[in-house]
Amino acid sequence: MTDNTVTITDNRNGAHADFDILDPVVGNSCIDVRQLTSKLGLFTYDPGFQATASCRSDITYIDGDEGILRYRGYPIEQLAEHSNYLETSYLLMYGELPSAEQYQTFKTSIKNHTIVHESLMQFINGFHNDAHPMAMMVGVVGALSAFYHDSLDINDPKHRDQCAHRLLAKLPTIAALCFRHAMGQPPVYPSNELGYIENLLNMMFSFPSAEYHVSPIAARALELIFILHADHEQNASTSTVRLSSSSGANPYACIAAGITSLWGPAHGGANEAVIRMLEEINDPGEIQNYVSRAKDKDDNYRLMGFGHRIYKNHDPRATIIRKAANDLLDELETINQPLFEIAKQLERIALEDDYFVERNLYPNVDFYSGIILKALDIPLNLFTVVFAMARTAGWISQWSEMIVDQEQRIGRPRQIYTGIENRNYVDISNRGM
Ligand code: SDX
């Protein structure tokens, strides 16, 4: 037995063994249970992996109690104030903020990969106009694997880098093409004259028939949304990308798997669900009814945008987004003030209610991000697509880290079997009704 171990004793038979404690740079220490089955014949049980570390990672650190979020050690508040999405993506991917030369080279590479193969338009045109853009994104991003499958050795760092640049560059193009298809509008191709976010807004909202100038206010607000959503440790969609990639699968298909997981209303789909909830509430006098429903155990209704698996204090992104939403609505003098007012009243009422306080249910990043996206006239069913574009930087960074992690193996959890133990086959003629 040494200082940095725990001893697990099976009290049913007295068997016991020591297990190393693995210490992080900062955060919770972990029990290394990899030998648990060989030493004690036991599995661990942790549905939803609430207390399970799936990997070692240098990328993002979250402290849920203190409301801390850092990308490669940089506080999200500083990156939100001083950085931009491409620079933040470089930081997540390569571990350091780029020099001016590195940043220029990176930007040029991304610009050179924004165009998609013209055949992809046939995928997009195959969808009905009312197809949900997230369904289109899952299909079209997954289809990218058909275009690059033969030129991708995931163990070759150059191939991994090319794949990462392609995904970062092409997601906005694909998202904009899906949006234009849904609107019945002609596609707008990427322009190398524009910045990353400006290019996305131009591809979404410009028309061949008229001059279109990207609003700097809109571009900065969307840039902030992208920075804040770029990565978030081992969340459901990132864990999906890691698990599907652990078999050596094509990374384009694995990013499509991440998009699929993000779509759920308990995860990235919450930003769309928040606005639908605020629109449904519509009248501040109705807020208490919705709060009561969320508290009612016989009603599976939940307040969208509240609660978080990790943040048991404030979500630092929500704090930043709330202020940005306030400033943006003032600057744009937009008509979305009523929704924002309902959001602020809902937040106040909920946070005075013991049910929410006792369960540490605070507004998360999705609670206010939808207010900004709506103020930018981004359609509601595209909100999670924005989240997916932004999270692509995190997904490809985490994917690349996993590929080179010597400790990583194919992800293969076990179970507690609760079915019928053993029985013999019965011919159909002898079975009951
Ligand atoms: C994101 O993981 C990440 O990092 C995700 C994310 C990222 O950047 O990748 O941060 C992005 O997904 C943010 C979360 C967006 N989702 C929502 O806003 C949907 C609403 N929130 C919930 O569904 C829920 O809070 C989760 C899914 C976010 C967290 O669920 P947990 O940690 O599994 O919490 P839980 O379901 O165990 O709930 C604990 C208690 C329960 O009550 P009791 O059984 O203890 O009585 O809190 C209650 C829940 O009923 N509860 C809520 C609630 N969320 C939890 N009650 C009302 N409204 C809610 N929103």
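Numbering of ligands and ligand atoms starts at 1, following listing order.
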task: Can you pull out the closest protein heavy atom to atom 16 (N) of ligand 1? Residue, atom name and distance to 0.1 Å, please.
output: Ala266 O, 3.0 Å
message: For the CG atom of Asn129 and the NE2 atom of His181, what is their distance to the nearest 0.5 Å?
response: 5.0 Å
- prompt: Tell me, which protein residue and heavy-atom name are nearest atom 20 (C) of ligand 1, and how many Å apart are they?
  reply: Phe306 O, 3.4 Å
message: Can you list everything that forms a salt bridge (charged side-chain N to carboxylate O under 4.0 Å, His left out) with Lys312? Sequence neighbours excluded, please.
response: none
message: Just by distance, no angles: are the side chains of Tyr94 and Asp161 close enough, under 3.5 Å, to form a donor-acceptor pair?
response: yes
- prompt: Can you tell me how far the CD atom of Glu233 sits from the CG atom of Asn235, to the nearest 0.5 Å?
  reply: 8.0 Å
query: Which residue supplies the protein heavy atom nearest to atom 49 (C) of ligand 1, what is that atom called, and how far is it?
result: Arg302 NH2, 3.1 Å
message: Is the terminal nitrogen or CZ of Arg293 (NZ for Lys, CZ for Arg) located under 6.0 angstrom from the six-membered ring centre of Tyr301 and within 45° of that ring's axis?
response: yes
- prompt: Under 6.0 Å from the OH atom of Tyr45, do we count more than 12 heavy atoms belonging to anything else shown?
  reply: no
task: Name the option, out of His308, Glu358, Lys312, Lys295, that contains the heavy atom nearest to atom 10 (O) of ligand 1.
output: His308
query: For atom 4 (O) of ligand 1, what's the nearest protein heavy atom and its distance?
result: His232 ND1, 2.6 Å
task: Find all atoms of ligand 1 within a distance of less than 4.0 Å from any non-hydrogen atom belonging to Gly305, and give their numbers and elements.
output: 17 (C), 18 (O)
message: To check your reading of the model: name the closest protein heavy atom to atom 13 (C) of ligand 1, its residue, and the distance in Å.
response: Asp366 OD2, 3.3 Å
- prompt: So, Glu286 versus Asn289: side-chain donor-acceptor pair below 3.5 Å or not?
  reply: yes
field: Under-4.0 Å heavy-atom contact with ligand 1, by part of Tyr355 that carries it
entry: side chain
- request: Please report which non-hydrogen protein atom sits nearest to atom 19 (C) of ligand 1, along with the residue it belongs to and the distance in Å to one decimal place.
  value: Pro265 O, 3.6 Å
- request: Quick one: look up the protein heavy atom nearest atom 51 (N) of ligand 1 and list residue, atom name and how far away it is.
  value: Leu361 CD1, 3.7 Å
- prompt: Quick one: which ligand 1 atoms are inside 4.0 Å of a heavy atom on Leu303?
  reply: 20 (C), 58 (N), 59 (C), 60 (N)
query: Does the pair Lys374/Glu279 count as a salt bridge with the N-to-O cut at 4.0 Å?
result: yes
message: Looking only at protein heavy atoms, which one is nearest to atom 28 (C) of ligand 1, and what is the separation?
response: Gly307 O, 3.7 Å
- prompt: Is it the side chain (CB and beyond), the backbone, both or neither of Gln234 that lies under 4.0 Å from ligand 1, heavy atoms counted?
  reply: neither
field: Side chain, backbone, both or neither: Arg391 near ligand 1, heavy atoms under 4.0 Å
entry: side chain
task: Indicate whether atom 39 (C) of ligand 1 is within a distance of less than 4.0 angstrom of some protein heavy atom.
output: no
message: Is it true that, when you exclude Phe49 itself, more than 12 heavy atoms of the residues, nucleotides or ligands shown sit nearer than 6.0 Å to its CZ?
response: no
message: Surrounding CD of Glu96 (heavy atoms of other residues, nucleotides or ligands, distance under 6.0 Å), is the total greater than 12?
response: no
field: Lys297 contact mode with ligand 1 (heavy-atom cut-off under 4.0 Å)
entry: side chain
- prompt: Just to confirm, does any protein heavy atom lie below 4.0 Å from atom 32 (O) of ligand 1?
  reply: yes
- request: For the pair Phe106 and His165, name the ring-plane relationship: parallel under 30°, tilted 30 to 60°, perpendicular over 60°.
  value: perpendicular
query: Parallel, tilted or perpendicular: which fits the ring planes of Phe356 and Phe306, with parallel below 30° and perpendicular above 60°?
result: perpendicular
message: Tell me whether atom 47 (O) of ligand 1 lies less than 4.0 Å from at least one protein heavy-atom position.
response: yes
- request: Enumerate the atoms of ligand 1 whose separation from the nearest heavy atom of Ala270 is less than 4.0 angstrom.
  value: 15 (C), 16 (N), 17 (C), 18 (O)
task: Report yes or no: does His229 have a heavy atom closer than 4.0 Å to ligand 1?
output: no
